[in-house]
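Side chains are part of it too, since the values below use all heavy atoms of this structure and drop only hydrogens, waters and symmetry mates. Letters go in sequence order (proteins before strands), and every chain restarts at 1.
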Amino acid sequence: MQTKTLQEIADHVGGTLIGDGSIIIESASTLDSAGDGQITFLSNPKYTPQVKTTNAAAVLVAEQVETNACQIIAEDPYYAFMQTVVLLHGHRQHPNTGVSPKASIADSAKIGDNCNIAQFATISDNAVIGDNCQIYPGVFVGPNARLGSDCVHYPNAVIYDGCQLGDRVIVQSNASVGQDGFGFATHKGAHHKIPQIGIVVLEDDTEIGAGAAIERGTLEDTIIGKGSKIGDSVVIGHGAKIGAHCLLVPQVGIAGTAQLGQYCVLGGQAAVVGHIKVGNMVKVGGQAAVINDVPDGMTIVGSPAIDANKAKRAYALIETLPDMRKKIKQLEKKLKQ
Amino acid sequence: MQTKTLQEIADHVGGTLIGDGSIIIESASTLDSAGDGQITFLSNPKYTPQVKTTNAAAVLVAEQVETNACQIIAEDPYYAFMQTVVLLHGHRQHPNTGVSPKASIADSAKIGDNCNIAQFATISDNAVIGDNCQIYPGVFVGPNARLGSDCVHYPNAVIYDGCQLGDRVIVQSNASVGQDGFGFATHKGAHHKIPQIGIVVLEDDTEIGAGAAIERGTLEDTIIGKGSKIGDSVVIGHGAKIGAHCLLVPQVGIAGTAQLGQYCVLGGQAAVVGHIKVGNMVKVGGQAAVINDVPDGMTIVGSPAIDANKAKRAYALIETLPDMRKKIKQLEKKLKQ
Amino acid sequence: MQTKTLQEIADHVGGTLIGDGSIIIESASTLDSAGDGQITFLSNPKYTPQVKTTNAAAVLVAEQVETNACQIIAEDPYYAFMQTVVLLHGHRQHPNTGVSPKASIADSAKIGDNCNIAQFATISDNAVIGDNCQIYPGVFVGPNARLGSDCVHYPNAVIYDGCQLGDRVIVQSNASVGQDGFGFATHKGAHHKIPQIGIVVLEDDTEIGAGAAIERGTLEDTIIGKGSKIGDSVVIGHGAKIGAHCLLVPQVGIAGTAQLGQYCVLGGQAAVVGHIKVGNMVKVGGQAAVINDVPDGMTIVGSPAIDANKAKRAYALIETLPDMRKKIKQLEKKLKQ
């Protein structure tokens, strides 16, 4: 954490300052909580009234608003806020310990420059770790797995054999990448494991949430596209392909071999069944069940998921079913008379 | 496990004994399975008929019932049963190993008196561990994190940097506390991580289930209130506030910045969206989706969640939709004639 | 990976070859992707047209089809494909390291012949490990727990005290077996932990997915029947009994004391409430909520779950609710006139 003047922040985010540029800003906070020495932001117009009454020293806005706080006008105030938080608070600093003698590193593994590999981490035979990687305690990197540079793997994350990770891939604690897909051949009453010979590919700039589980492919690889972010406890089935820049909120489930395009956003606990194709820029509501192909750009909600506009009205009417039933009975009765 | 006479048990729970106080009780069991030397309980009147036929030596009841077993009448028989199970079986005994030389404990960490810290556990820089804590193998306590006294952390539980835990906090295996919230600023087609500068606060007597994941706050802390119990694989989003004494059954999802009051009970797989406020003593059905503020004391079910009485009738009628549709068509036809 | 001739594969699976038995097969692939030197399969008639156009060298089929590829006719082509994948690719080879000096093995533990126990694994007091077991780094086997022979426990899997595992049990990474059930007695405003004195029994040939969590029983054991496969992030509540040969797809939740018969299949995110009995060979759709006893052989879907045939029509009609409501209003209006 380091303080900055308001002018320094305005310059950093490329914004226009309205107010006293010499004011010292110490930290970032919310509209509600921010006080002296703090900066906040307005990106959702719904909260405009709160800007009037905020006690923040300054607020990042898209256009000038009525407020006693100083303002920095920025094209994309939420992005400017992110830049400001990074400037004031920085990203997490990792312990700079080098490669611990208490880590277990196979002789055949290749470790890049400037890595920190903590005690109780395992780097297996023929694994490759790129430069500047942060490997926390209890992490397991399996045989022949490969990490790019600048990856961060938090405690007890597990990367199974052969999986391929790009640069700047973050894996949060207790996540599993590359465990066997749920694939069995049932024969004469027993379920026989099909060797899962695909791997998991996590492309550049992906992030895998805590406790998430990404299955390796049965025959073809499971792929998480560049820049996609996978929330906590999400499960991705074997051979699923997630396009670039998707956001999968916690507890989402994607069945094996499903395909998602780019820039899809899935709400919490949403599910996509196997063998279907979801287009680009599709938005899926929380708890929705996607059971058919979805064209580009659609917003769908509900279980089963349908067009959001239809669904909002339709699902809200479930509540009126007893009333509807009563009316139908009354109509039938009247008509009989 | 140690045996007690029935009289000793009656005295221990403050109950009134009907029957032979000298009978030796060895263990606790269910109404169905209990036999000689075993004690059971009746708290749900639904099971009263089974008390008649139980083979248990004794049964804990709220009021005298018809049975061949001895009876201990206690005001709250389920609580008395809990006391009895503790008396006969005790809570789990932890290995009394002290601080293992194979644990990794930072020089700057402070360890309280009488702690057991197992091999392969990591206590990071400036972390503080209170007295009488049980830290199992593979546990990670991050820099500047703080545990109160009498905490139990099961294998591979992970506490990220800076998180604050009260006294008697239990974290089950593979749970994650304080990983980054799912917070990104999307700008020119890429999702940029917003440093998550809040922490997680687990107040006194909280418990976090196996594989659960509690995100740290973006700007404000994520708080689990005193005495609340969080089930397995539950995910709590960044900055959510869970009031005191809530019960969140396994696989519940709480989105970021949602607020729950005290004594809420959420059924399995229920979800609460972000930015809403759920009152005190609210009961939420399994798989329900809470998408609006909820006043104190309500019971809600369904996705979307509505008043439980309404919902039970309404959701049950979904099954009759084909029939309703048919009737409407018939009515239209008749009316045309 | 080792190559085989087509004749060798046909002989291995007991199938009838149509085509050149001397062709060398190097690997297995999908109908879409397979090319020279690759074998694929057809088990779902839906994909018959793709067999015509496949570039695979050979295809496993149930009966002769029109295709340029060689064919092996096998009674159960999916099972034959599994056998072929095992023949060509084999199951995962585990590092043959013996018992690592960096593992922590209690003096009182018993380790079978020919086990590999990796660094940073813990085998606790009086635990028993059968022959030929593979224990990866970070695995915890608690006091008095018992594993049969030929078990595989992937990194950071946790087996709590006293749990009993059969032969050939696979536990994927970060899974928890035997953590405390979610059982509390609420008294005077506080939730008191009931000691969970049951254990978890994983019978022979069971598999537990990554991040899954199987609670120990309160009074009676939690049982996963012989040959059942439990997906990633599934939660099984305390005292539940899962029959033999069930398939529980990822993110399923089974509440405490629920009972499932044999050969049940539950889709992703499906839930079963407590204290109910699901029969044998029951199929449950994804996201379904099973809230009542289910007779043998039923297929049910929906939340709440009902007979699948009814449900498919009924849930699909939710979309038409606004239209139904409008029609009812029109009918009422007309009838008033």
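The existence of a salt bridge linking R168(B) and D205(B) is confirmed by a sub-4.0 Å separation between a basic side-chain nitrogen and an acidic carboxylate oxygen. Under 4.0 Å is where a charged nitrogen must lie from a carboxylate oxygen, and between R216(C) and D221(C) no such pair does.
Chain C forms the most heavy-atom pairs under 4.5 Å with one residue out of I318(B), I170(B), D76(B), and that residue is I318(B). Between chain C and the options H91(B), R325(B), K102(B), K229(B), the largest number of non-hydrogen pairs under 4.5 Å is found for K229(B).
Between Y78(B) and F41(B), the two ring planes are tilted [angle within 30° to 60°]. Classified by interplanar angle (parallel below 30°, tilted 30° to 60°, perpendicular above 60°), the ring pair H191(C)/H245(B) is perpendicular.
Only the side chain of E207(B) has a heavy atom closer than 4.5 Å to any heavy atom of chain C. In this structure, the portions of P155(B) lying under 4.5 Å from any heavy atom of chain C include both its backbone and its side chain. Only the side chain of L335(B) comes within contact range of chain C, with at least one heavy atom under 4.5 Å from a heavy atom of that chain. At a 4.5 Å heavy-atom cutoff, the contact between L248(B) and chain C is made by backbone atoms alone. Contact annotation for Q287(B): only side-chain heavy atoms (C-beta onward) come within less than 4.5 Å of a heavy atom of chain C.
A side chain to side chain contact (heavy atoms under 4.5 Å, CB included) with T222(C) is found for one member of V200(C), V201(C), I254(C), L202(C) and no other, namely V200(C).
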